Protein chains: 2
Amino acid sequence: MSVPLYQAKAELFRTLGHPVRIRVLELLQDGPKPVRDLLAMIEVEASNLSQQLAVLRRAGMVTSHRDGPLVMYALSTPDVADLLAAGRRILGSVLTDRDSLLDELRATSGDR
Amino acid sequence: MSVPLYQAKAELFRTLGHPVRIRVLELLQDGPKPVRDLLAMIEVEASNLSQQLAVLRRAGMVTSHRDGPLVMYALSTPDVADLLAAGRRILGSVLTDRDSLLDELRATSGDR
DNA sequence: TTATCACTTGAAGAAATCTTCAACTAGCGC
DNA sequence: GCGCTAGTTGAAGATTTCTTCAAGTGATAA
């Protein structure tokens, strides 16, 4: 028996659990881009970006190929966009809940 | 904006990046459950489950309240289900030619 | 009151992940 | 060949997250 399904799901989500990797995926939603461009849009060192791209590649979420002097990256499936969109929605629900809780806290107890 | 948006997104996904937490959320999709039941369905120690529930609580993904001798947990928003569903879909695309997990995914098609 | 069930908490060592650095490969122009 | 831009890799130390343990709380039953 291989890795259980829920373990694979956890790994999938963990792959998205890094700010640079999230940004890369969001940028690639508009189409393939060379590392060069990603580097210009994300403030991070080249070697660090490369490490994060390797994580995404190993997880099968992006593909890469060399095009002359540049290396191009692309989403391996448009489903990635759905996942990011779902994340955005839930962030909305969860953050507004937290904010209202924070407001309530501020209203009832003195400070802090 | 104190915490950048992409950082908040990364934290959201990282919260899902653990097998036990994934299983808890999937089980709670069917409705609120006491820790007792979760414990019976997930093979993990009580203290470990409690730690993972605390992570989900802090992230605002679940809510809890005491009901007599039991502590009940529930999804804080049904949007969580959407996220899990999107995860399932992308796992299908990404896993296609990786290993037999795909078969398992198709077989249960709902979850677990 | 004592015991028991149902859970939570804090702490500590183990394990995984992140960041950075130095060194490396690949293509291109001279 | 040489130098340059573009990108990758492996390794090491720092940080974060996980798991487990021992001790704790709260409700209820005897």
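So that the names make sense, note that chain A is the first sequence line, chain B the second, and so on, each numbered from 1. Note that this is a predicted model, so its numbers are computed, not measured.
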K.L.:
Would you kindly give the CD-to-P distance between B/E45 and D/dC21, to the nearest whole Å?
P.N.:
6 Å

K.L.:
Would you kindly check whether a donor in the side chain of A/S47 faces an acceptor in the base of C/dC21, or vice versa, at under 3.5 angstrom?
P.N.:
yes

K.L.:
Donor-acceptor check, side chain of A/R21 to backbone of A/T15, threshold 3.5 angstrom: yes or no?
P.N.:
yes

K.L.:
How close or far is atom P of D/dT16 from atom CD of B/Q7, stated in whole angstroms?
P.N.:
11 Å

K.L.:
Do B/L84 and A/K9 come close enough that some side-chain heavy atom pair is under 4.5 Å?
P.N.:
no

K.L.:
Can you check the B/M72 CE to D/dG26 P distance for me, whole Å?
P.N.:
20 Å

K.L.:
Looking only at side-chain atoms of B/N48, point me to the closest of D/dT20, D/dT8, C/dT9.
P.N.:
D/dT20

K.L.:
Pick the closest DNA chain C nucleotide for A/R21 and for B/Y73 by heavy atoms, then say which residue is nearer the 5' end.
P.N.:
B/Y73

K.L.:
From D/dG10, D/dT20, D/dA6, pick the nucleotide closest to the side chain of A/Q51?
P.N.:
D/dG10

K.L.:
Start at the 5' end of DNA chain D and walk down; is the nucleotide closest to A/R14 or to A/P34 reached first?
P.N.:
A/P34

K.L.:
Taking only the side-chain heavy atoms of B/V35 (C-beta and beyond), determine which of D/dT19, D/dT8, C/dC7 contains the nearest atom.
P.N.:
C/dC7

K.L.:
Can you check the B/Q52 CD to C/dT9 P distance for me, whole Å?
P.N.:
13 Å

K.L.:
Yes or no on side-chain contact (heavy atoms from CB on, under 4.5 Å) for A/V35 and A/L49, after CA distance, side-chain angles and deciding distance?
P.N.:
CA-CA 8 Å; A/V35 177; A/L49 180 58; 3.9 Å; yes

K.L.:
Which one, C/dC7, D/dT20, D/dT28, comes nearest to the side chain of B/P69?
P.N.:
D/dT28

K.L.:
Report the distance from atom CZ of A/R66 to atom P of C/dT25, rounded to the nearest whole Å.
P.N.:
13 Å

K.L.:
Working note: A/E11 + A/R58, criterion salt bridge (Lys or Arg N to Asp or Glu O under 4.0 Å); need CA distance, chi angles, decisive distance, verdict.
P.N.:
CA-CA 11 Å; A/E11 275 166 27; A/R58 267 179 249 127; over 6 Å; no

K.L.:
Round to a whole Å and report the spacing from CG of A/L16 to P of C/dT17.
P.N.:
14 Å

K.L.:
I need the minimum non-hydrogen distance between A/P19 and B/Y6, along with the two atoms involved.
P.N.:
CB-CD1, 3.8 Å

K.L.:
Rounded to whole angstroms, how far apart are CD on A/E11 and C1' on C/dT17?
P.N.:
13 Å

K.L.:
Between B/R57 (CZ) and C/dT9 (C1'), how many Å, whole number?
P.N.:
10 Å

